[in-house]
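Residue numbers begin at 1 in each chain, while the letters A, B, ... track the order of the sequences.
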Number of protein chains: 2
Amino acid sequence: MEFVGSVVRGVASLTQAMEDGRTQMVGLLLPSDFVGRPGRDSAAYDVVATTDLVMCCFRKKPFEDMMVRTPHIAQRLLEMTLDELDAAREWMLVLGRKTAREKIASLLSIIARRDATLNLAGVEGPLEFDLPLTREAMADYLGLTLETVSRQVNALKRDGVIDLVGKRHVIVPDFDRLSEEAGDDSDGGMLS
Amino acid sequence: MEFVGSVVRGVASLTQAMEDGRTQMVGLLLPSDFVGRPGRDSAAYDVVATTDLVMCCFRKKPFEDMMVRTPHIAQRLLEMTLDELDAAREWMLVLGRKTAREKIASLLSIIARRDATLNLAGVEGPLEFDLPLTREAMADYLGLTLETVSRQVNALKRDGVIDLVGKRHVIVPDFDRLSEEAGDDSDGGMLS
DNA sequence: CGTCAACTTGATGCTATTCAACTTTGGTGG
DNA sequence: CCACCAAAGTTGAATAGCATCAAGTTGACG
């Protein structure tokens, strides 16, 4: 990898594969995410664009030089890396302990939240967004098969947790309901 | 969390839990690992010692001040965090895509490797170490139940991949064999 | 020698996978 | 404009793998 940079528009995925073809997505790169590993040569993972993608890139070497000269940048990068580490660990809980339905709900919840904050919408009222992933990509992210993804997405639709327009456009009428389904259950017992 | 520090002796675990009790270990802290989150107050996870533990601690505030004054430290910390991120992502593949048997083999493989590098032993000949984790802790790390852990550990023993002395002391006669079982299959096809 | 936590083992059921067929969608060229 | 195709997605039936529940067993320690 000759470059580092950050995603401006579109979605890319970071995947890891075994020789027999089993694949796990280990990172979802949405707009504003940083890509690359200053101080490392090894490209440990495959980076693949899953939609049309616009990135803002720097040659790695000059960037690293700048890092050494500008302590602020290293500190900012450390913060971003800690955020990524948090995200990775949150995802470990999803992969290790959640059911298929909860996994789907978790993914939709994350994308919805990201999309909402980016599009300056409040968390009130129905959220709405396009899935930037195929069913197969979702399966690779969630540690499921694409068939199971399909079944559970449609189950959530049948149960009114989400609504679908076509196969990719998702409407979330009640975000708290989705969070419950994800097992995140943020609010606990709100009133009394 | 008032402190940051690093593990000197013993093992601690970083876990995340859902309200209903499901638990996922998101990090295994072995000697030389760093603990804590400079620049963050939130204690996002539970840190629990799983054996007797000796740590080398600093109060967080002075440590952060030192970080600002000494760019080197921030850069070293960034490297360590990137390593942790790699480890977390490797573990995502384990959690998402590996079978119970492969998960067990992966865990043993990691502990064996860590233990070997720490005890300055080569990777040749039989490796030998004590499991620093109960079956339940292993289950929480692997996203399995403790019963499945027990069954698969004993299956690996029956198949001669490992040998057990008591319930905790593990002997690995052939590390490559263990790697194969873990699905890591490093060597591929060595001779022709 | 009794007790408790860690661990093992067995029987059963459920969830997600597997394999296979089928449908929908969007794009291409006749 | 429509027939055709490939890629994406859906659906069904059968099965495997792990979870669950329920007894046991072992080993360390008072």
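For the pair A:R158 CZ and D:dT11 P, the interatomic distance rounds to 7 Å; values are reported in whole Å. Distance, B:L164 CG to D:dT26 P: 15 Å, rounded to whole Å.
Residues passing the side-chain contact (heavy atoms from CB on, under 4.5 Å) test with B:E64 are B:P38, B:K60, B:K61, sequence neighbours excluded. Under the salt bridge (Lys or Arg N to Asp or Glu O under 4.0 Å) criterion, B:E128 pairs with no residue at all, not counting sequence neighbours. The side-chain contact (heavy atoms from CB on, under 4.5 Å) check on A:T51 picks up A:V11, A:P132, with sequence neighbours excluded. Residues passing the side-chain contact (heavy atoms from CB on, under 4.5 Å) test with B:D52: none are found, sequence neighbours excluded. By the side-chain contact (heavy atoms from CB on, under 4.5 Å) test, B:I110 pairs with B:E90, B:W91, B:R113, sequence neighbours left out. Among residues two or more places apart in sequence or in another chain, the ring-ring contact (aromatic ring centres under 6.0 Å, His included) test is passed with A:F3 by none.
Rounded to 10°, the angle separating the first-five-pair axis and the last-five-pair axis of the helix from C:dC1-D:dG30 to C:dG30-D:dC1 equals 30°.
The stretch residues 11-30 of chain B participates, sequence neighbours left out, in no ring pair (Phe, Tyr, Trp, His ring centres under 6.0 Å) pair at all. The ring pair (Phe, Tyr, Trp, His ring centres under 6.0 Å) contacts involving residues 151-170 of chain A comprise nothing, where partners must be two or more places apart or lie in separate chains. Sorted pairs that involve residues 144-168 of chain B and meet ring pair (Phe, Tyr, Trp, His ring centres under 6.0 Å), not counting sequence neighbours, are lacking altogether.
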Can you tabulate the close N/O pairs, meaning under 3.5 Å, that link protein atoms to atoms of nucleotides 2-7 of chain C?
residue, atom, partner, partner atom, Å
C:dC7, OP1, B:R168, NE, 2.6
C:dC7, OP1, B:R168, NH2, 3.4
C:dC7, OP2, B:R135, N, 2.8

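In terms of modelled atom types and a separation under 3.5 Å, the side chain of B:R97 and the main chain of A:L144 share a donor-acceptor contact.
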- Message: What does the B/S/- profile of nucleotides 16-24 of chain D look like, 5' to 3', with a 4.0 Å heavy-atom cutoff to protein?
- Response: --SSBB---
